[in-house]
Amino acid sequence: MSSIAIVGAGPQLGLAIARTFGSQGFDVALISRNRENLDTLVGKLTAEGITAAGFTADVLDREALGRALRDAAAEFGGIDVLEYSPVAGLTTAMVTPAEAEPAHIQHEIEFQLYGAVAATRAVLPSMRAAGAGTLLYTTGAGSVDPVPQVGNVNAAAAALRNWAINLHKELDGTGVQAAHIGIDVSIGTPAVPGFPTAQPEEISPVYWDLHTTRRDQAELVFSR
């Protein structure tokens, strides 16, 4: 049985990705810092006939994140797909490039880039040994076309994008796919009036495509 680990699993895109892969027979490991959130999501997936388990970890706690992924691998006999998409939420102070101090960007770098690196180090060795696996990293599309109002978030997202695309190049020919997904819509409800919106179940199939039929692709930007 194949399995996917979703880091930063939440009730919108994370749950939709879990359903997309779960409907294809994947076991689902959900990783989040909120135990109550995990229990709710696992309950929903289990009710739909999807085998799922929750593992508590904060991506800023590298040791806990690695342990959660190792526990997930032990539970399901390995991790075939890693999807990384945590949301900092209220812990992030959004500032423009001119307003930004190093600390504003450092927090986001820790959360987005360093968390992704730590998660990858926990699963990539076994993928390389098996000659198969998929690593998917999600950011907002500001990683590609930045917006001044969220300059610090975009800077870190761009760093993660750069690293993910470079990882794709490094892993070429190994059987392991790495790709970046940029989300150029609001998910569920508009973030600002008039901004394009998509439902999470409209977005999640692109993750399956990158795992299956588009493994040579290093990046996909979802937009309207």
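From a predicted model like this one, the values you see are computed outputs, not experimental measurements. These numbers come from the heavy atoms of this one structure, side chains and all, not from hydrogens, waters or symmetry mates.
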Problem set entry | Between CE on residue M94 and CD on residue E99, distance to nearest 0.5 Å | 13.0 Å
For this session: Indicate if L65 and L38 have the same hydrophobic cluster label, given that clusters are the connected sets of ILVMFWY residues with side-chain heavy-atom separations under 4.5 angstrom.
Result: no
Problem set entry | No-hydrogen, no-angle side-chain donor-acceptor test under 3.5 Å, R224 and T197 | no
For this session: Evaluate the criterion salt bridge (charged side-chain N to carboxylate O under 4.0 Å, His left out) for residue pair R62 and E110; output intermediate values, then yes/no.
Result: CA-CA 10 Å; R62 313 288 183 242; E110 293 275 356; 2.4 Å; yes
Exercise. Which value, rounded to the nearest 0.5 Å, describes the distance between D145 atom CG and S223 atom OG?
Worked result: 11.0 Å
Problem set entry | Stepwise side chain to side chain contact (heavy atoms under 4.5 Å, CB included) check, L15 with L45 | CA-CA 8 Å; L15 179 58; L45 293 170; 3.8 Å; yes
For this session: Side-chain contact test, heavy atoms from C-beta onward, threshold under 4.5 Å: evaluate it for L136 versus L210 and give yes or no.
Result: yes
For this session: Applying salt bridge (charged side-chain N to carboxylate O under 4.0 Å, His left out), run through E48 and K44 and close with a yes or a no.
Result: CA-CA 7 Å; E48 297 169 16; K44 288 181 178 181; over 6 Å; no
For this session: Say whether T139 and Q112, considering side chains only, have a donor N or O and an acceptor N or O under 3.5 Å apart.
Result: no
For this session: Could you check if a side-chain atom of I6 sits within less than 4.5 angstrom of a side-chain atom of I31, using non-hydrogen atoms only?
Result: no
Exercise. Can you tell me how far the CG atom of L167 sits from the CG atom of D172, to the nearest 0.5 Å?
Worked result: 11.5 Å
For this session: Before giving the answer on side chain to side chain contact (heavy atoms under 4.5 Å, CB included), spell out for N166 and E170 the whole-Å C-alpha distance, their side-chain angles and the decisive distance to 0.1 Å.
Result: CA-CA 6 Å; N166 211 14; E170 180 185 1; over 6 Å; no
Problem set entry | Hphob cluster co-occupancy, L124 + V117, side-chain heavy atoms under 4.5 angstrom | yes
Exercise. Would you call D27 and I4 a side-chain contact if the rule is heavy atoms closer than 4.5 Å?
Worked result: no
Exercise. Which pair of non-hydrogen atoms, one from I50 and one from A18, has the smallest distance, and what is that distance?
Worked result: CD1-O, 4.3 Å
Seminar exercise, completed: Rounding to 0.5 Å, atoms CZ (R161) and OG1 (T138) come to a distance of 14.0 Å
Problem set entry | Donor-acceptor pair, side chain of D184 and main chain of A141, under 3.5 angstrom | no
For this session: Please check if the side chain of H104 supplies one atom and the backbone of E101 the other of a donor-acceptor pair under 3.5 Å.
Result: yes
For this session: Please tell me if the side chains of L30 and V28 come closer than 4.5 Å, counting only heavy atoms from C-beta onward.
Result: yes
For this session: For side chain to side chain contact (heavy atoms under 4.5 Å, CB included), just list the numbers for Y207 and I181, CA-CA rounded to whole Å, side-chain angles, deciding distance to a tenth of an Å, and then say yes or no.
Result: CA-CA 8 Å; Y207 292 79; I181 300 93; 3.6 Å; yes
Exercise. Taking the six-membered ring for Trp, is the centroid-to-centroid distance between H211 and F26 below 6.0 Å?
Worked result: yes
Exercise. Cluster question for you: counting only ILVMFWY and a side-chain heavy-atom cut-off of under 4.5 Å, with indirect links fine, are V81 and L41 together?
Worked result: yes
Exercise. What are the two closest non-hydrogen atoms of S2 and D80, and how far apart are they?
Worked result: CA-OD2, 3.1 Å
Problem set entry | I165 CD1 to Q217 CD distance, which is reported to the nearest 0.5 Å | 10.5 Å
Exercise. Is there a side-chain contact between L69 and L82, using heavy atoms and a 4.5 Å cut-off?
Worked result: yes
Exercise. For the hydrophobic clusters of this structure (ILVMFWY residues joined by side-chain heavy atoms under 4.5 Å, transitively), does one cluster hold both V153 and L13?
Worked result: no
Exercise. Can you name the nearest heavy-atom pair linking P200 to I187, along with the distance?
Worked result: CD-CG2, 4.0 Å
Problem set entry | Any side-chain donor near an acceptor of the partner, T56 and R35, under 3.5 Å | yes
Exercise. For R121, does the CZ atom have more than 12 heavy-atom neighbours from other residues, nucleotides or ligands under 6.0 Å away?
Worked result: no
Problem set entry | Any side-chain heavy-atom pair of R70 and V123 under 4.5 Å | no
Problem set entry | By ring pair (Phe, Tyr, Trp, His ring centres under 6.0 Å) - contacts of H180 (at least two apart) | none
Exercise. Between R214 and L220, which heavy-atom pair has the shortest distance, and what is it?
Worked result: NH1-CD1, 3.5 Å
Problem set entry | With E201 via side-chain hydrogen bond (donor to acceptor under 3.5 Å, both in side chains) - residues at least two apart | none
Exercise. If you measure only the distance, is there a donor-acceptor pair under 3.5 Å linking the side chains of T120 and Y84?
Worked result: no
Exercise. Any donor-acceptor pair under 3.5 Å linking the side chain of N152 with the backbone of T96?
Worked result: no
Exercise. Can you check side chain to side chain contact (heavy atoms under 4.5 Å, CB included) on F76 and T51, steps first, answer last?
Worked result: CA-CA 10 Å; F76 294 126; T51 300; 3.9 Å; yes
For this session: Consider only side-chain N and O atoms of E83 and S85, and report whether a donor and an acceptor are under 3.5 Å apart.
Result: yes
For this session: Measure across A116 and L160 and return the closest heavy-atom pair with its distance rounded to 0.1 Å.
Result: CB-CD1, 3.5 Å
Seminar exercise, completed: Closest non-hydrogen atoms of A72 and F55, given as atom of the first, atom of the second and distance, are CA-CZ, 3.6 Å
Problem set entry | Beyond-backbone contact of L135 with L171, side-chain heavy atoms, under 4.5 angstrom | yes
Seminar exercise, completed: Between the CG atom in N154 and the CD atom in E108, the distance rounded to the nearest 0.5 Å is 9.5 Å
For this session: Is it possible for you to say whether L60 and I105 belong to one hydrophobic cluster, with membership spreading through side-chain heavy-atom contacts below 4.5 Å?
Result: yes
Problem set entry | Which residues share a ring pair (Phe, Tyr, Trp, His ring centres under 6.0 Å) with W163, sequence neighbours left out | Y137
Exercise. Any donor and acceptor pair, going by atom type alone, linking the side chain of S3 with main-chain N or O of G78 inside 3.5 Å?
Worked result: yes
